[in-house]
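Okay, structure first, notes after.
Remember, predicted model here, so these are calculated numbers, not experimental data.
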Amino acid sequence: MAREEEEEELTVSAPKQVDVFTSVRCLGYLCSFNLLVAVCVGMYVRWEVTNEPMILVIFILGLFVLGIASILHYYFAMENASLSLFHLWFGFLLGLLCFLNSPALDSNVKELVANYLLLASVVMKAVWALTERICSSICYKSTLLTSVELLELLGFGIASTTMLLHKSVAIIGLVVALGALIVDLRMKSLLALANLISFALVTSLVFFQALGINANPYALGCYMGRLLCEPVLDVYFSGLGPTERWMPVLSMGKVWRKLSLFPLSLTEIAFFVLAALKLGYLQLWYLVIPGFCLFGLFWSICHIILLITIWGFHTKLSDCQKAWRAQRSSSRSLDQVMASRGIRHFCLISERLVFFSLLSTVILGAVSWQPSNGLFLSALLVVLPLESLAHGLFHELGGCLGGTCVGYALVVPTTYCSAGGQSTLLPPEQVEQLNLRSTGMLNNIQRLFSHHMIQTFGCDYSTSGVTLEAVLTKLRNFLELRTADGPRHDTYLIFYSGHTHKGSGSWALSGGESFHLAQLLELWKEKNAGHCSRLIVVLDTEYSLPWVKEVRRVEGIYVAVQGSELSATMVDPEAGDIPLLGEFTSEWVEFNCNPASDTQWSEKGRTVRAVYGVSKRWSDYTLHLPTGSDVAKHWKTHFPKATYPMVHLSNWCCGLNLFWLCSTCLRCFRRCKLAWFPPAVLDTGQGIKLVHS
């Protein structure tokens with residue numbers, strides 16, 4: 001009966017989905033048909049008014065191309081080829097409608113009808129795009145420019161070749177700027193909307209007046225509106241993550257990425273040369289010449305830094321790609337590899353540097369502003385979104401990539417603590433079974449380190465116990481570790497399994513010695529002084545609860561303890577299924593490495609329970625942000641000495657905290673929330689989850 005009801009529901013709901021999908025598709029077809037009619041009417045009017053035979057030839061050729069596209073689509077099933085012809089030709093015809101404009105057309109009724117049809121077309125396109133996104137009938141893919149956008153941009157650029165050379169070059173530059181703006185919006189760059197506003201203002205108010213072109217605003221608005229409406233809507237609707245959006249760049253080959261610096265360099269040089277033409281205007285020479293020299297030097301230094309930064313990023317990304325391909329698995333992504341290689345720290349510093357490059361371009365553009373030079377305006381509109389893309393890339397990766405993590409494991413299986421506190425060896429008959437469990441424990445920890453790309457300092461396994469001096473020496477060396485770029489790791493992970501004292505939870509070591517939590521915290525404070533790294537301690541011991549409780553009272557540092565409880569009281573003595581060390585490690589690692597894990601930590605009657613504790617300031621933790629010394633080291637490593645004064649400017653500007661009051665209130669709220677309502681599963685942001693049963 002239930003099955004029949006389900007089938008009935010499916011039968012009823014399916015037509016509704018089809019109806020919605022069909023309606024959306026029909027709206028798209030109506031939009032294209034409306035555009036076709038508008039273009040045909042517009043071209044006919046221009047031929048009728050001017051009696052220019054070339055317009056009639058182009059119009060007839062356009063109908064011929066449309067017929068070929070229809071034949072390819074319906075008779076040969078060559079949908080891609082037909083759509084390519086269609087969009088290329090429509091881009092070309094819209095360009096002609098825009099450029100072939102004269103005052104004689106203003107009073108023509110047919111021209112008015114064509115203009116209203118163009119306006120209706122762009123409105124229907126916007127409604128269609130919005131409806132698709134609201135109904136979730138669109139599948140987002142990682143791409144920079146779609147084939148439709150590329151072909152319509154190409155067609156519009158070809159249409160500009162009907163004009164004089166300098167006008168044609170300026171309009172082609174505008175088309176390139178429009179393409180860069182579309183990519184900027186699709187990548188959700190931080191400054192994409194600001195670029196959109198500046199592009200709209202410059203294009204509508206200055207650009208075509210500088211070229212002396214009386215462009216048809218309806219055709220121009222229709223063309224740009226159709227291309228921009230989807231990227232603008234996707235700024236809100238697109239659910240792709242940062243690395244997914246940037247995957248076409250991140251997955252590009254090493255050679256192509258580095259070759260992309262060549263056109264970028266040519267574009268930047270062209271902009272600087274065109275900006276220098278301002279020196280020919282001598283009306284305010286006493287302001288223009290000193291201003292251009294000063295800000296031109298600032299621009300040159302910033303853009304040398306920009307090119308070196310992008311080159312360095314490509315080099316680091318190539319190393320990450322090699323490591324990813326060498327270790328490729330279904331559970332490991334490129335962003336995990338980039339996080340483990342310290343790309344986040346590099347991007348955070350590079351974001352500052354690229355921002356100054358963008359700022360220098362805006363300043364130089366303002367100082368050398370030439371409202372009558374179309375080439376300068378188009379170069380400025382091209383450069384701004386390209387630099388915004390570089391800034392957006394570093395900003396996104398700096399914000400989404402995890403920090404670096406280094407781990408150390410110590411397993412001491414064959415000792416136990418007697419009543420007098422002396423560590424002694426277990427009886428020989430239990431050694432083999434315990435060694436098997438300990439080996440499995442080490443394998444699980446190595447799996448955790450490998451899965452989350454945690455740099456391994458060592459996994460020590462001692463069957464005869466370890467001394468306090470050996471533990472302190474090992475931990476000192478471990479806590480002094482730094483990344484290859486110089487700064488400390490963001491997270492330090494310590495795993496310990498062995499016997500502990502019942503009252504304090506301290507580690508029971510050889511010779512009757514003990515290692516207390518207070519000793520570990522003092523060591524951590526000493527090695528982490530002046531830094532903001534965090535320490536995570538994972539304990540698979542009989543008595544880890546004292547450390548969990550004690551760490552909750554710790555102030556001033558970021559420390560977390562993940563412990564376990566072995567509840568022997570829950571076990572039936574006759575069954576003999578007593579919980580043993582290693583069982584918690586097995587379940588906890590499986591929970592952290594397998595997203596499909598069915599481990600239920602809150603299940604009643606569990607013999608192995610998890611418990612965690614964090615220090616009072618744990619919720620204040622943020623991944624390491626570059627300090628002034630980090631920026632200075634980065635500068636000395638990658639850039640010439642002549643650019644070193646920029647370090648102080650970068651540190652001063654980025655050190656300003658204008659929202660300190662809001663951040664203080666937010667920190668207090670997070671502390672109270674974590675103290676009063678601790679979550680059952682606490683995600684550390686490193687891929688490691690702390691759990692509480």
Just so I know, are the side chains of [X] and [Y] near enough to count as touching, which here means a heavy-atom distance under 4.5 Å?
X	Y	value
Pro385	Val183	no
Phe156	Leu178	no
Leu353	Leu306	no
Ile349	Phe394	no
Leu348	Glu351	yes
Thr203	Leu377	no
Arg257	Ser318	yes

Are Phe207 and Phe199, when compared by the centres of their aromatic rings, separated by less than 6.0 Å?
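Not close enough - the centres of the two rings lie 6.0 Å or further apart.
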
Between Phe272 and Phe292, is the ring centre distance below 6.0 Å?
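They qualify: ring centres under 6.0 Å apart.
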
Are any side-chain N or O atoms of [X] and backbone N or O atoms of [Y], one a donor and one an acceptor, separated by less than 3.5 Å?
X	Y	answer
Arg245	Met187	yes
Asp335	Leu401	no
Gln370	Leu274	yes
Tyr218	Ala114	no
Ser368	Ala276	no
Thr146	Glu149	yes
Ser168	Met163	no
Lys278	Trp369	yes
Ser198	Ala194	yes

Thr361, Ile304, Ile363 screened by side-chain contact (heavy atoms from CB on, under 4.5 Å) with Trp299, the one that passes
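By the side-chain contact (heavy atoms from CB on, under 4.5 Å) criterion, Trp299 pairs with just one of Thr361, Ile304, Ile363: Thr361.
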
side-chain contact (heavy atoms from CB on, under 4.5 Å) partner of Ser160, the single match among Ile172, Val175, Ile213
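Going through the options one by one, the only one that passes is Ile172.
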
Rounded to the nearest 0.5 Å, how far apart are [atom1] of [X] and [atom2] of [Y]?
X	Y	atom1	atom2	result
Glu387	Leu384	CD	CG	7.0 Å
Trp324	Leu250	CH2	CG	9.5 Å
Arg46	Leu96	CZ	CG	9.0 Å
His87	Ser32	NE2	OG	6.5 Å
Leu375	Leu211	CG	CG	7.5 Å
Leu386	Phe271	CG	CZ	12.0 Å

Presence of salt bridge, Asp234 and Arg133, under 4.0 angstrom:
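Salt bridge between Arg133 and Asp234, a charged N being under 4.0 Å from a carboxylate O: yes.
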
Determine the interplanar angle of the His391 and His395 rings, folded into 0 to 90°, and report it as parallel if under 30°, tilted if 30 to 60°, perpendicular if over 60°.
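Taking His395 first and then His391, their aromatic rings lie parallel (interplane angle under 30°).
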
On the 0 to 90° scale, with breaks at 30° and 60°, tag the Trp89-Phe92 ring pair as parallel, tilted or perpendicular.
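It falls in the tilted class, 30° to 60°.
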
With a cut-off of 6.0 Å (strictly less than), are more than 12 heavy atoms of other residues, nucleotides or ligands near CZ of Phe355?
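Counting neighbours around CZ of Phe355, 12 or fewer heavy atoms of other residues, nucleotides or ligands fall under 6.0 Å, so no.
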
Using a cut-off of 6.0 Å, state whether more than 12 heavy atoms not belonging to Tyr140 lie near its atom OH.
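More than 12 heavy atoms, drawn from other residues, nucleotides or ligands, come within 6.0 Å of this atom.
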
Does Lys258 make a cation-pi contact with Trp311, if we ask for NZ or CZ under 6.0 Å from the ring centre and within 45° of the axis?
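That pair qualifies as a cation-pi contact.
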
In sequence, state the C-alpha distance, the side-chain angles, and the governing distance for Arg186 and Ser238, and then conclude on side chain to side chain donor-acceptor pair (under 3.5 Å).
CA-CA 9 Å; Arg186 185 162 284 133; Ser238 176; over 6 Å; no

